[in-house]
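Here's the structure we're looking at; comments come further down.
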Amino acid sequence: MRPVTPFEYRDGILHCDQVALDRIAREVGTPCYVYGGGAIVRNLGIVRECFADLDPKICYAVKANANLSILRVLAREGSSFDIVSGGELYRLNRIGVAPDRIIFSGVGKAETEIDSAIQQGIFALVVESASELELIAERAGDRKARIFLRLNPEIDARTHPYISTGLRQNKFGIDLADLPAILELLHAHPTLSLIGIGSHIGSQVLDIEPFVLAFTKIRELADSLRNEGFPLTHLDLGGGFGIPYHDESPIDLPSLSAQIGRSRGNYRVVMEPGRFIVGKTGTLLTRVLHWKSNHGRHFAVVDAAMNDLIRPALYGAYHEVRTVRQRPAELRADVVGPVCESADFLAQDRDLPKLGRDDLLAVMDAGAYAFVSSSNYNARPRCAEVLVDGEQFRVVRRRETNEDLVALEIERGSSE
């Protein structure tokens, strides 16, 4: 199933919905991220339609794109949310998301984060170790807390090693050998209610077989835990539904739904999609600063850099690059940024026209794990974010300034 993208050429100019990207570049400046709000809604609808027979609890993975305006769009559509930090919980609090629509995942929750989650009465805390469960029990005291256990199923999702999360060498999840100690802790703390178990096998997964294998494992385990008296009601499929970035085949969500449906029993399914919903709805809009050649190799030096989009430098991620003004390719070139690192590239060996100063490029499929992982490396202010709605657009995160870069630093005078 292929997610929707809002980007297409109209009269030779790349548009997001009905707004020309060169207009956004003129009015907002570059670099900036541009998102299509309507496509976000449609992609959430695709997930709902594909899994309609299961009536799942769909928890958008906030880590994929945490902009408040995007979270509001999803909240209005009735989405639940999967978080991995107290900061993400704060963001959901800011837009008024009800606690029963929040699941708190993550391998390393701090005391303050656990306290906030329990106090607010969120739907569930996802536990990944005995140590974490002991801390939750300590902080909960006499207060009730709903618990999911995240298991490490030792299943290869056949994705990049940096985004694989279900193998024994990964830090995530509970080893099945440690489960008896976990269950003993739960028996000792009756205010902790085990209502779900699940797994998360990785990110950018396009093959449904690993999902089915993992789900089968947790379903069998859930049945045995029910027989031991635990009130299990939910099975968590996790997230990680991939999108085609290059020439990959899309994930077959209807077939995944059918296979999960045949084995789920009377449990409610939980899932945590992020990339599938927002990945194809965003682009990084950037301007060419210089065109240069070194020993026959061509470079478009642009005003966006690895601090804006680290995925290519971090694990060789592929992002299609389009010219905003449609032009035929003439040669092969790299698209690189101004940061003083050889890894500062957005694309390599791409067929492009010969570019000049102020030409505009769009780095596609940049709606997920893009701005959220940006930084101020090389003292570069982070770029603006723009949300498009049909014929309208608005800045939903202003561009940082140099003053923002030092706003949190404490300066001492020479006399101190």
Side-chain angles (χ1 to χ4, degrees), residues 3 5-9 13-17 19-25 28-36 39-40 64-65 67 70 204 243-248 275 278-291 298-327 329 332-339 341 343-353 355-375 377 380-388 393 397 399:
T5 178
F7 300 100
E8 64 177 358
Y9 285 104
I13 301 295
L14 190 59
H15 283 62
C16 180
D17 286 344
V19 179
L21 291 185
D22 58 354
R23 176 188 165 196
I24 293 177
V28 178
T30 58
C32 70
Y33 280 95
V34 181
Y35 311 114
I40 293 171
N65 189 320
N67 184 279
I70 287 177
Q204 183 52 15
I243 62 173
Y245 282 97
H246 193 193
D247 54 2
E248 308 98 330
R275 188 191 311 267
V278 295
K280 286 214 169 266
T281 69
T283 190
L284 175 58
L285 185 58
T286 184
R287 187 182 303 274
V288 175
L289 299 174
H290 305 287
W291 176 269
H298 306 294
F299 300 89
V301 184
V302 298
D303 60 2
M306 65 185 291
N307 74 291
D308 300 300
L309 178 62
I310 199 172
R311 296 186 72 251
L314 183 61
Y315 36 73
Y318 180 98
H319 287 267
E320 180 188 3
V321 176
R322 299 186 191 179
T323 53
V324 170
R325 186 173 298 276
Q326 196 168 23
R327 294 163 54 187
R332 294 183 74 78
D334 294 355
V335 180
V336 302
V339 163
E341 297 280 354
D344 181 27
F345 62 89
L346 303 178
Q348 294 179 306
D349 293 317
R350 303 300 176 83
D351 293 326
L352 294 169
L355 300 166
R357 291 178 60 187
D358 293 330
D359 282 338
L360 294 171
L361 298 176
V363 184
M364 306 304 294
D365 304 330
Y369 303 102
F371 182 88
V372 286
S373 55
S374 62
S375 74
Y377 185 47
R380 288 173 51 85
R382 284 181 291 180
C383 63
E385 292 179 286
V386 173
L387 184 63
V388 176
F393 73 89
R397 190 184 198 277
R399 188 179 309 281

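For reference, positions follow the sequence shown, starting with 1. Note that these values count all heavy atoms, side chains included, but never hydrogens, waters or copies made by symmetry. Quick caveat: nothing in here was measured; it's all calculated off a predicted structure.
Applying the side chain to side chain contact (heavy atoms under 4.5 Å, CB included) test to Asp359 and every residue at least two apart in sequence or in another chain returns Val288, Arg327, Leu355.
At least one side-chain heavy atom of Val336 sits under 4.5 Å from a side-chain heavy atom of Val301. Within the 4.5 Å cutoff, the side chain of Leu346 has no heavy atoms near those of the Val321 side chain. By the 4.5 Å heavy-atom criterion applied to side chains, Leu21 and Ile13 are not counted as neighbours. Side-chain contact between Val335 and Leu352 is present, with at least one heavy-atom pair separated by less than 4.5 Å.
Pairing each heavy atom of Ser373 with each of Ile310, the nearest pair is OG-CG2, 3.8 Å. Scanning all heavy atoms of the two residues, the minimum distance from Gly367 to Tyr35 falls at CA-CE2, 4.0 Å. The heavy-atom pair separating Thr5 from Lys280 by the smallest distance is OG1-O, 3.1 Å. For Pro338 against Ala304, the heavy-atom pair with the smallest separation is CD-O, 3.6 Å. Residues Ala313 and Ala343 come closest through the heavy atom pair CB-O, 3.2 Å. Across every non-hydrogen atom of Val339 and Tyr377, the tightest pair is CG1-CE2, 3.6 Å.
Geometrically, Arg23 does not engage Phe393 in a cation-pi contact, judged by NZ or CZ lying under 6.0 Å from the ring centre and within 45° of the ring axis. Geometric assessment of Arg382 against the ring of Tyr33 yields a negative cation-pi assignment under the 6.0 Å and 45° thresholds.
No side-chain donor from either of Asn307 and Ser375 sits under 3.5 Å from a side-chain acceptor of the other. Counted by atom type alone, Gln204 and Tyr245 present zero donor-acceptor pairs between their side chains at under 3.5 Å.
Atom CZ of Arg399 has more than 12 heavy atoms from other residues, nucleotides or ligands within 6.0 Å.
Here the CZ atom belonging to Arg311 is positioned 4.0 Å from the NE2 atom belonging to His319, to the nearest 0.5 angstrom. Between atom NE2 of residue His15 and atom CD1 of residue Ile24 there is a gap of 9.5 Å, rounded to the nearest 0.5 Å. Atom OG1 of Thr283 is separated from atom CZ of Phe7 by 5.0 Å, given to the nearest 0.5 angstrom. In this structure, CZ on Arg380 lies 7.5 Å from CG on Asp303, to the nearest 0.5 angstrom. Separation of atoms CZ (Phe371) and CG (Leu309) is listed at 12.0 Å; rounding is to 0.5 Å. To the nearest 0.5 angstrom, Phe299 atom CZ is 5.0 Å from Asp334 atom CG.
Side-chain atoms of Arg322 never come within 3.5 Å of backbone atoms of Ala362 as a donor-acceptor pair (strictly under, hydrogens ignored).
Of the options Leu361, Leu284, Leu289, a side chain to side chain contact (heavy atoms under 4.5 Å, CB included) to Val302 is made by Leu361 and by none of the others.
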